[in-house]
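Take a look at the structure below.
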Amino acid sequence: MSELIKGGAFLLGPVDENTVFTPEDFDDVHLMIKKTSYDFMVNKVEPRIDEIEEKAEGVTLDLIRQAGELGLIGSDIPEEYGGEEADKITTMIITENASICGGSYATSFGAHTGIGTLPIVYFGNEEQKKKYLPGLASGEKIAAYALTEPEAGSDALNCKTKAVLSDDKNYYILNGAKQYITNAAWAEVIVTYAKIDGERFTAFIVDADSEGVSIDPEEKKMGIKGSSTCSVIFDNAKVPVENMLWEEGKGHQVAFNILNIGRFKLGAGCVGGSKKVIEFSSAYALQRIQFKQPIAQFNIIKNKVANMTILTYLMESLVYRVAGMIEDKLSAVKASGAAASDIVQAIQEYAIECSISKVWCSEAMDYIADEGVQIFGGYGYGQEYPAERSYRDSRINRIFEGTNEVNRMIIPGTLLGKAMKQEIPFMEAVMNLGAALKPLKDAEAPAESPAREEFYLQNLKTLFTLVAGNAAQKFGADIKNEQEILCRLADIAMDIFAAESGLLRVKKMMANGESEASKMALKMTQCYIYEMIPRLEAWGKEIIAATLEGEAASKAYSGIRLCCNFEPADIYGPKREIADAVYAGKKYFLDR
Amino acid sequence: MGNILVLAEHRQGVLRDVSFEMMAVAPKLADQMGAEVVALLIGSEMDGLAQKMAAYGVKVLVVDDPLFKDFNADKYQKVLSALIDDLKPAVLMTGHTAQGVDFMPALAVEKKLPLVADAVSLEFAGGVLKATRQLYSGKANAVMAFKPAETYLLTFREGTVEAPDASAGGSVEKLDSPLKEDLSYRKFVGYVEAEVGDVDITQSEILVAVGRGLKEDKNLPLIEELAKAIKADIAGSRAATDAGWIPHDRQVGTSGKAVKPKLYIAMGISGAFQHVAGMKGAKTVVAINKDPEAPIFAVADYAIVDDMFKVVPKLTEKLKELKG
Amino acid sequence: MKMFVCIKYVPDTSEAEVKVNPDGVSVDSSRFSFDINDADNYAVEESVLIKEANEGDITVLSIGPKQSDVMIRMAMAKGCDRAVRIEDERIAGYDPLMVAKVLGGAVKGQEFDLVLTGCMASDDWHMTTGVALAEELGVNHVSMVKKVEILDGKKVKAYRELEGGLMEVVEVELPVVLTIQTGINEPRYAPIRGIREAQKKELKVANLDDLGIDAAEVNADASLVVLEQLYIPQVESSAEFIEGEPDVKAEKLASILVKGGLV
């Protein structure tokens with residue numbers, strides 16, 4: 001195993017494709033679990049989508065329990081507590097497939113297996129694990145995660161819920177209200193947070209049937225209507241002292257690290273949801289006749305289907321790349337016999353990539369769901385076809401698990417923090433900018449692909465260093481107030497990471513011999529990169545315009561132009577071919 | 001050149017349709033080969049059935065013995081093995097049926113003879129016998145050529161051709177049974193009749209049939225309402241009965257019932273030949289299916305390419321309205 | 001109960017476009033998705049059910065490429081104990097009699113009570129291999145089995161599915177080859193734990209030489225038939241296709257049915 005890749009390091013130089021995990025690297029176990037989880041969803045869950053949406057009594061719980069029998073909800077739980085203790089790739093495969101039958105099941109499943117169960121897996125003590133995990137692994141008990149409060153959303157630490165030790169010192173007495181809690185109505189186990197004596201932010205495991213715990217009526221939501229979302233009220237709720245999770249006053253460690261995992265899993269869910277949209281939209285377009293031909297054959301529809309497919313390809317490449325990074329890190333940590341909490345620290349290393357996964361994938365999925373509706377035309381606006389539901393369901397992804405705005409700030413924020421601590425050589429890269437830009441003046445892009453696209457991508461990384469470096473120098477620590485700049489830097493970083501994930505995957509595929517799949521993957525990557533360069537050029541200039549003036553600005557603009565110099569190429573033709581490949585199987589075609 | 005020996009299939013005292021259908025196929029092949037068609041019956045008390053086969057103007061050989069009262073693949077194989085040695089037929093043809101497939105492969109192995117199963121058409125030209133058969137969901141045809149052999153073995157698909165009209169000149173000849181005692185390993189226990197349901201779909205005037213496209217039994221009320229509006233009975237394909245949505249006694253197809261309603265509405269049924277074989281007796285066929293390539297459209301009179309769930313509610317409503 | 005179960009890796013062509021390759025005798029399978037043959041999936045389940053009820057040991061046999069390993073491991077994840085995958089380009093795979101001879105060669109010399117196969121492969125529809133295999137092995141067989149009962153561990157009572165929904169009930173002594181019809185049971189999903197255990201089970205890859213089978217007896221020269229040509233038949237539909245929005249189609253159809261006196 002080569003040296004582990006540092007989180008955020010991708011922005012500072014070329015990445016060797018052999019260090020990157022791709023879906024083509026799935027081993028037999030992965031492929032088999034992929035099949036089991038897919039077949040389970042298609043045969044058991046899909047027929048019951050309408051019942052799920054109506055919140056028919058017990059349907060979702062029954063399905064989660066059936067999934068539990070197959071081991072599909074215990075992949076992150078250690079074997080000794082009844083789980084499967086699978087690798088993160090497996091978890092992502094299961095999460096992806098759990099999202100192919102609408103957002104409601106995906107959300108119930110995700111809240112249970114992810115943020116509901118993982119705090120106990122990673123931060124629970126031996127007794128807590130023994131008591132709770134077997135039931136959570138089998139689906140006998142459902143978990144919920146209660147962090148958000150009416151006045152503490154993005155500002156989670158502004159928690160008003162209070163915990164006070166009882167007189168007999170056997171219980172913490174909790175008072176407060178948690179809001180928008182997924183699985184609230186059917187959860188038996190609630191992981192929540194309260195400030196002990198109003199000061200020390202601490203995590204607790206609460207049995208839902210405890211005295212003083214009540215659940216408010218269901219929220220009326222835009223989408224994911226079949227999932228349960230309620231407020232949880234603690235009115236002198238009695239929580240045994242042994243149910244305090246992790247350490248007193250260290251609830252933020254639990255809260256934020258668990259969210260990192262939630263974010264990276266959310267990206268996988270978007271992959272599954274998007275593949276489904278491609279499936280039903282292409283099938284519809286092929287049978288919808290207008291002007292005496294299937295609308296699928298109109299080039300503008302092909303263009304849409306191709307755009308949806310390109311984004312899905314990049315999402316898939318990105319998500320499994322991140323899963324591979326985290327898995328490598330976790331294996332290294334586990335091999336050195338570290339404590340479970342170190343595992344979460346390991347995941348923290350890739351906070352940037354986790355946030356990218358969350359933001360980029362949720363926005364790509366939203367675009368795909370939107371175009372899905374458009375392909376269905378008027379029928380897409382009606383509730384009889386799945387496009388409408390998928391459009392509504394998709395929207396929440398940009399909001400929960402930390403809004404996309406909060407997550408965007410995290411990306412450059414974490415990067416600059418790492419740079420300050422010298423964990424990554426960002427400052428060096430800024431110092432060396434002149435040397436990096438100079439050869440670009442007479443450089444010619446390689447004629448061959450994907451070397452050509454790789455060349456462009458490296459230049460875009462230089463662009464990032466140029467604009468981020470200038471902004472960091474200009475604003476120093478005050479950059480945290482320049483939210484527009486931070487978000488734009490995040491946009492640039494995300495696009496680079498996504499495109500690069502697709503590119504590295506192509507290189508890996510081509511190394512195994514040229515195939516139909518590798519040719520299509522290259523076309524998809526090229527289309528995205530050719531569209532992305534002018535966009536990043538504009539964003540870069542936008543940041544510089546807000547940062548520098550006069551001579552300094554002009555110099556920066558010419559640097560940006562050097563980084564974004566490229567030979568335009570036709571993207572319409574390749575996109576038609578991409579759509580045709582989708583039509584041949586009426587689905588996303590790189591799935592095995 | 002030996003004869004074309006056609007094994008006539010019967011069960012519970014009745015000749016199966018495929019026996020007559022082969023009387024359309026075999027004579028054409030006989031012309032091409034310069035051979036004669038000879039029918040063969042194996043059973044007990046075969047006089048009546050032998051006459052029915054003879055009515056097709058062929059010689060009928062009968063192995064008539066109480067040993068063969070019930071079908072038994074093991075005994076059939078032994079008899080046919082001996083008859084191949086004695087008669088040296090150029091072709092031995094049976095139906096591609098639950099009977100035929102139960103002994104022909106074993107016979108082919110035993111006698112080291114070539115076999116093509118599930119043929120849908122035959123041709124003999126330039127000294128070579130060729131059989132066409134389907135594969136890949138019926139989307140491709142394969143031409144299989146026999147290498148020269150003493151006897152060619154064939155199983156022919158039921159329901160592929162129409163039975164011919166009867167003609168004169170037939171005769172019946174009894175053969176000694178080559179099997180003198182029951183050495184068979186297989187013991188016939190009995191028949192289990194299909195469950196008798198509340199409706200006999202073979203007698204239905206109008207049938208509404210559903211297949212895999214129904215997706216789940218929860219969607220049945222939609223179909224029931226349509227059926228009620230036009231006084232139809234409900235039937236299903238193998239997929240629908242295997243899934244338990246439709247009772248087994250209402251399965252249309254080779255392993256189910258053959259139906260002959262005046263109107264057959266097939267919804268979410270792809271139309272594999274096994275299904276089509278059961279509904280080709282319908283006068284008018286309406287097919288509703290999402291897949292424009294579905295083979296069911298090849299046998300439909302009226303076709304709608306769409307999601308059945310989008311069409312059926314309105315169809316029911318409109319039919320109710322028009323019928324007042 | 002010592003069992004063998006024979007499974008085949010087949011393409012799903014139910015909704016895929018089928019194109020013949022320029023060689024005229026094969027189809028372009030690059031865009032097909034492959035999996036276990038439907039009836040074989042039921043055969044695997046039946047073998048596992050028999051093992052669970054009577055104790056036993058199941059060996060999976062399959063002739064196919066490396067890519068089919070996942071399918072084979074899946075059968076082991078459901079409860080089969082080991083597998084042999086036979087890979088040899090010399091086998092005349094288009095002729096089920098040659099296939100039966102290869103499978104027979106792989107079983108011969110080993111003790112067994114039951115061999116299960118699917119009754120039909122969904123790609124080439126022969127319904128031939130299982131019964132031919134029984135003859136190769138010199139044992140009894142029952143084809144198109146829709147229900148199985150093991151009697152005293154010595155005999156099998158098998159229900160054969162006939163045309164028209166009738167079942168023929170027969171008894172045969174072990175050892176026996178059963179060809180299994182779909183719908184006989186409800187095939188299970190492989191649990192993750194089973195999937196992992198399956199990786200530890202033996203999957204032997206063998207060619208004809210390893211199995212002691214003379215290639216000259218199972219190759220295209222040995223086959224008594226020749227796959228001469230594949231072609232895509234013209235499908236002629238005389239149907240009147242009703243066009244329009246779903247509602248319009250429904251209305252048009254309703255009036256055709258009513259005006260035509262069909263309802």
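Proteins come first, then strands; the chains are lettered A, B, ... in the order of their sequence lines, and each starts at number 1. These numbers come from a predicted model, not from an experiment.
- A salt bridge is absent between B/K187 and C/E173; no separation between the charged side-chain nitrogens and carboxylate oxygens falls under 4.0 Å.
- Of the charged side-chain nitrogens involved, none lies within less than 4.0 Å of a carboxylate oxygen, so that B/R186 and C/E171 do not count as a salt-bridged pair.
- Surrounding CD of C/E186 are at most 12 heavy atoms belonging to other residues, nucleotides or ligands under 6.0 Å away.
- A side-chain N or O of C/H141 and one of B/D102 form a donor-acceptor pair less than 3.5 Å apart.
- Within the 4.5 angstrom heavy-atom criterion, only side-chain atoms of C/P11, from C-beta onward, approach chain B.
- Among the candidates B/Q251, B/K112, B/Q77, the residue making the largest number of heavy-atom pairs closer than 4.5 Å to chain C is B/Q77.
- Ranking C/K259, C/E161, C/K157 against chain B, the residue ahead of the rest is C/E161, based on heavy-atom pairs under 4.5 Å.
- Considering only heavy-atom pairs separated by less than 4.5 Å from chain B, the leading option among C/D124, C/V169, C/D247 is C/V169.
- A 4.5 Å side-chain heavy-atom check between B/I206 and C/V263 finds at least one atom pair inside the cut-off.
- When each of B/A131, B/G138, B/A277, B/G100 is checked for heavy-atom pairs under 4.5 Å with chain C, B/G138 comes out on top.
- With a 4.5 Å cut-off on non-hydrogen atoms, C/M127 touches chain B through its backbone and its side chain both.
- The shortest side-chain heavy-atom distance between C/V225 and B/K147 does not fall under the 4.5 Å cut-off.
- If you tally non-hydrogen atom pairs under 4.5 Å between each of C/T128, C/I232, C/V25 and chain B, the highest count goes to C/T128.
- Rounded to the nearest 0.5 Å, atoms CG (C/L257) and CG (B/L322) are 9.5 Å apart.
- Only the side chain of B/T284 comes within less than 4.5 Å of a heavy atom in chain C; its backbone stays farther off.
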Let's go through C/Q181 and B/R238 carefully: what are the C-alpha distance in whole Å and the side-chain angles of both, what is the deciding distance for side-chain contact (heavy atoms from CB on, under 4.5 Å) to 0.1 Å, and is it a yes or a no? CA-CA 11 Å; C/Q181 176 61 285; B/R238 176 164 202 115; 3.1 Å; yes

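- Of the atoms belonging to B/A258, not a single heavy atom falls under 4.5 Å from chain C.
- Heavy atoms of C/T179 lying under 4.5 Å from chain B are absent altogether.
- A distance of 9.5 Å separates OG1 of B/T132 from CD of C/E228, quoted to the nearest 0.5 Å.
- The backbone N or O of C/P246 sits nowhere less than 3.5 Å from a side-chain atom of B/K314 that would complete a donor-acceptor pair.
- Within a 6.0 Å radius of NZ in B/K231, no more than 12 heavy atoms belonging to other residues, nucleotides or ligands are found.
- At a cut-off of 3.5 Å, with distance as the only test, no side-chain donor of C/N140 or B/Y185 sits close to an acceptor on the other residue.
- Considering only heavy-atom pairs separated by less than 4.5 Å from chain C, the leading option among B/V312, B/D301, B/D118, B/V116 is B/D301.
- Proximity to chain B is absent for every atom of C/I184, based on heavy atoms less than 4.5 angstrom apart.
- Using a 4.5 Å cut-off between heavy atoms, C/K101 makes no contact with chain B at all.
- Shown here is C/K19, whose NZ atom has no more than 12 heavy atoms of other residues, nucleotides or ligands within 6.0 Å.
- Contacts between B/V305 and chain C at a heavy-atom distance below 4.5 Å involve backbone atoms as well as side-chain atoms.
- Proximity to chain B is absent for every atom of C/V176, based on heavy atoms less than 4.5 angstrom apart.
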C/E163 vs B/R11, salt bridge (charged side-chain N to carboxylate O under 4.0 Å, His left out): CA-CA, chis, key distance, verdict: CA-CA 10 Å; C/E163 293 80 8; B/R11 187 207 296 160; 3.1 Å; yes

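- B/F71 has its side chain within reach of C/R160: a pair of non-hydrogen atoms, C-beta onward, lies under 4.5 Å apart.
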One pair to check against side-chain contact (heavy atoms from CB on, under 4.5 Å): B/H248 and C/K146. What are the steps and the verdict? CA-CA 13 Å; B/H248 279 281; C/K146 197 70 186 277; 4.1 Å; yes

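- Separation of the C/F241 and B/F297 ring centroids falls under the 6.0 Å cut-off.
- Residue C/A239 comes nearest to B/A300 through the heavy atom pair CB-O, 3.2 Å, listed as atom of the first residue, atom of the second, then distance.
- Among C/V226, C/V142, C/V172, the residue making the largest number of heavy-atom pairs under 4.5 Å with chain B is C/V226.
- Among B/V311, B/T155, B/I304, B/L113, the residue with the largest count of heavy-atom pairs under 4.5 Å with chain C is B/I304.
- Of the listed residues (B/K318, B/E158, B/Q12), the one with the most heavy-atom contacts under 4.5 Å to chain C is B/K318.
- The shortest distance between side-chain heavy atoms of B/V143 and C/Y231 falls below 4.5 Å.
- Nearest heavy atoms, B/A140 versus C/V18: CB-CG1, 4.2 Å.
- Contact annotation for C/L230: both backbone and side-chain heavy atoms come within less than 4.5 Å of a heavy atom of chain B.
- Side-chain contact check for B/Y136 versus C/D123: some heavy-atom pair is nearer than 4.5 Å.
- Between B/L319 and C/V258, the shortest heavy-atom contact is CD2-CG2, 3.8 Å.
- Residues C/M144 and B/A98 share a closest heavy-atom pair of SD-CA, 3.7 Å.
- No side-chain heavy atom of C/M167 sits under 4.5 Å from any side-chain heavy atom of B/E193.
- Between C/T13 and B/S137, the shortest heavy-atom contact is OG1-OG, 2.7 Å.
- Residues C/L166 and B/V192 form no side-chain contact, since every pair of their non-hydrogen atoms from C-beta on lies 4.5 Å or further apart.
- Smallest separation of non-hydrogen atoms from C/A132 and B/P105: N-CB, 3.7 Å.
- We find the OH-CD1 distance between B/Y302 and C/I242 to be 8.0 Å, quoted to the nearest 0.5 Å.
- To the nearest 0.5 Å, atoms OG1 (C/T182) and CG (B/D242) are separated by 4.5 Å.
- The CH2 atom of C/W125 sits 10.0 Å away from atom NE2 of B/H96, with the distance rounded to the nearest 0.5 Å.
- Note that the CG atom of C/L162 and the OG1 atom of B/T254 stand 11.5 Å from one another [nearest 0.5 Å].
- Interface remark: B/L263 contributes side-chain atoms only to the contact with chain C (heavy atom separation under 4.5 Å).
- Neither the backbone nor the side chain of B/R212 has a heavy atom closer than 4.5 Å to any heavy atom of chain C.
- For the pair B/K310 and C/E245, the salt-bridge criterion is not met [side-chain N within less than 4.0 Å of a carboxylate O].
- Side-chain contact between B/M144 and C/L227 is present, with at least one heavy-atom pair separated by less than 4.5 Å.
- For the set B/Q274, B/K323, B/E110, the entry with the most heavy-atom pairs within less than 4.5 Å of chain C is B/E110.
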